[in-house]
Asks: 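Following this message is one structure expressed as C-alpha cells.
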Protein chains: 2
Amino acid sequence: MSNRILKLVRSEELRRSKSDRLIANYIERNMVELPYETARSIATHLRISPMTVGRYLRRLGFDGLDDLKNELRRGHSNPAWQVKGQVDRLQQDIRDGKLIAGLIQEQVDNLGQIYELTTSPEWQQAIDLLVSASEVYVAAYQNVRGIAQYFASQLSYTRPRVQFVDGLNGTYAEVLDGSVEGRVLFLHDVRRFAAKAQPLALEARRAGVKVILLTDEFCLWPKEASDVALIVPGSHGPLWDGAATMTAVMDLLLSNIIVLLGDQVNERVELLTRLQDTFGDFEA
Amino acid sequence: MSNRILKLVRSEELRRSKSDRLIANYIERNMVELPYETARSIATHLRISPMTVGRYLRRLGFDGLDDLKNELRRGHSNPAWQVKGQVDRLQQDIRDGKLIAGLIQEQVDNLGQIYELTTSPEWQQAIDLLVSASEVYVAAYQNVRGIAQYFASQLSYTRPRVQFVDGLNGTYAEVLDGSVEGRVLFLHDVRRFAAKAQPLALEARRAGVKVILLTDEFCLWPKEASDVALIVPGSHGPLWDGAATMTAVMDLLLSNIIVLLGDQVNERVELLTRLQDTFGDFEA
DNA sequence: GCACAAGCGTTATATTAATAACATTTCTGG
DNA sequence: CCAGAAATGTTATTAATATAACGCTTGTGC
C-alpha cells in the first residue's frame, strides 16, 4: 500500500531536521507526481542537495528513490475508481429527456456562449487591466463570494499584489484611499445583486480605480459603474444558478493571463510552490 | 492530455510493423505504470530492443520516453503553464483564436464525463446523505476553499443545518464531538492535496460522521477516508485546474437535491429571501 | 564559548538509460 | 527465390542519476 509510505513520511521520528520535514512534506503533497521525479528534481525544487534526499530515503528504509517508486507502483496497481466517460450515452439520454442530462445540456450551451465573450473587446480590455494593474482587488458578496475568493487565490499565482477585499470594517480604505496609482477592482456580482456592490464600484471609479465587473445580463448598471463589463449570458432558472459558468469564465481569464505572461508566471509559481513546501510542514 | 497519447498509439498509420503494434499495445494497456518504465524495461517485456522502442516513440512525435512521460505528467496534475515550451505555442494559438475554442471544447468533454458520474451509485448515496443528514459540514482547503464555501452557501438554501468548517481553532470540535447523530462531512480536495484533509476525514469517520469526498482521480486515499467518494475525472484540463468542472458537479448535486426535496426547498427559499429582505444586503 | 556530533553540500565515480552509427534480419514484389 | 527496402538488433558513445568519501556548517551539551 502506498499508505505505508504516507505513514512513514508522517512519522515524527523521521522528521527531525529541517530538510527532513521539507522532503517529507514534498513527498506527501506530491505523491501523484512522484513517479516522474528524481532525487535531483526534488532536491532542486527544495533548494537542497540530491544527496540529502537520498540519505533521507535511506533512513525511511528505502534503497533510493527507485525502491520507493517500486513500492508506489505496487500500491497503485489497481485504480478501480476511475469513472469512464462516454459522451455517446450522454447524448442518447438527452434525447430521452432525462433530467440531469438536460441540466448538463444547459450547462454545455452556456459554455458555448462564453466563447462569444472571449472574442469581445471587453475581454481584451479586462485581460490588459488585470495584467498591467499595479494592484488588483477582488470583491464579491454573499453566495458568489467564495467563487471570487477562488479567483483571487488563483490570480495571485500569476501576478503579485492580488487581494480579496471583504469590506468588513465598512470603509474599503485599502482600495479607495488613492495611495497607489493603477489599481484595479475586479467585482463579481450576479442575480440578486448585493446592495454594497454598486456603491463600491462607483466610489472606486471616483477614486481613480479601474473597475472590471463580472456579472450577468440582469445587471442594470454595468456601464455607469464599470470601466469594463463582462456580461455572461446565463440561465437563471429556479434550479440553475450558473456558478459553474462563472467559474469557467474565471478559468478562461486565468488561462489567458497565463499565456500572456508566459515565463513570468512560471517563475512566480515556482516561488509560491516552494513557499508552500516550506510552510507546509508546520501544519502537517 | 494523456488522451492524445492514446489517440496516437491507436492510430493505424503508426501501427505498420509488428513491433509497432507490440509497443502500441503495451503502452495502451500499461498506461498507468508507464511512468515507472524505461525504454529498456518495455523492450525486455516485449523481447525486443530498446532502440526499437526509442525509434517508435520518435515516430509518434516524442523526443524519447522522458518526453512522453512529461506529457503524461501534465495529463495527471497539469498546471499547463509549468512547461515553458508549451507556453510559447499557446501564445501563438491564442492569437489565432484557436485556443479558447479548443479549451471550451475540452471543458465540454469534461462535462460529458460528469454525466457519467451522476449515474453512479455513489452519486445517489451522496444525494441521500446530503438530504437525510441531521447536519452537514463542508470543508476544503487552499484554493478550492472558496468554491466549497459557495457550495455550502447554496446548499443551505435547500436544507437547514449546513455549515462551512475551517478548523481555525485546530480542533474541528463542532464536527467531531459526537454530540449529534447523523452528521455528514462533505470534503472537497483536489490536486495538491491538503495535508489536513485526510486526517480530518479519518477522524470524522471514527467519530461516526459519514464522509462524502469530492475529489479528482489522483486522490490516493478515496476508499479509506470516505463513505462515499465522488471522483471527477479529467478535472485537470487545459483550463487551469478545472474548478469549473467541480463547480458544475456541485451545481448538479444541488439541482438533484432541489428536485428531490421539491416544495420543501421552495418554502425554505422563501423564508431565506424574506430574511434577506429584512436585513437588506440585497438590492431590489 | 568550546568541543563534539549531527546534518548538509561538493566532488568524483559507478551505474544506468538513451541514441547515433553500423550490421543484420525480415519483409515485399517480381 | 532474389534483389532492394524496410525494420530490427548490436555496439559504442553520451548524458544523467545515485551514492560514496570527504569537508564544511550548524546545532547542542557542558
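Here is the naming used below: chain letters follow the sequence lines, and residue numbers restart at 1 for every chain.
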Asks: What nucleotide, of C:dT10, C:dT19, D:dA7, holds the atom closest to the side chain of A:S49?
Replies: C:dT10

Asks: From the options C:dA20, D:dA21, D:dT17, select the nucleotide whose nearest atom is closest to the side chain of B:R58.
Replies: C:dA20

Asks: Do B:F151 and B:H188 have side chains that approach each other closer than 4.5 Å (heavy atoms only, starting at C-beta)?
Replies: no

Asks: A:T38 has a side chain; which of C:dA17, D:dT19, D:dA18 sits nearest to it?
Replies: D:dA18

Asks: How long is the line joining CD1 of A:I23 and P of C:dG9, in whole Å?
Replies: 9 Å

Asks: On a heavy-atom basis, which atom in B:S49 and which in B:A43 lie closest, and how many Å separate them?
Replies: C-CB, 3.5 Å

Asks: Considering only heavy atoms from C-beta outward, does the side chain of A:D63 approach that of A:R58 to under 4.5 Å?
Replies: yes

Asks: Please confirm whether any donor atom in the side chain of B:R47 sits under 3.5 Å from an acceptor in the base of D:dG9, or the reverse.
Replies: no

Asks: Taking the minimum atom-to-atom distance to the side chain of A:M51, which one of D:dT17, D:dA21, D:dT10 wins?
Replies: D:dA21

Asks: Can you tell me how far P of C:dT16 sits from CG of A:L65, to the nearest Å?
Replies: 16 Å

Asks: With nearest nucleotides of DNA chain D determined for B:T52 and A:E37 from heavy-atom distances, which residue corresponds to the more 5′ nucleotide?
Replies: B:T52

Asks: Take atom CZ of B:R59 and atom C1' of D:dA6, then tell me their distance rounded to the nearest Å.
Replies: 10 Å

Asks: Can you check whether A:L72 reaches A:L68 side chain to side chain, under 4.5 Å on heavy atoms?
Replies: yes

Asks: Expressed in angstrom and rounded to an integer, what is the separation of A:R55 atom CZ from D:dA20 atom C1'?
Replies: 10 Å

Asks: Please pick, from C:dA18, D:dA18, C:dG9, the nucleotide with the shortest atom-to-atom distance to any side-chain atom of A:A39.
Replies: D:dA18

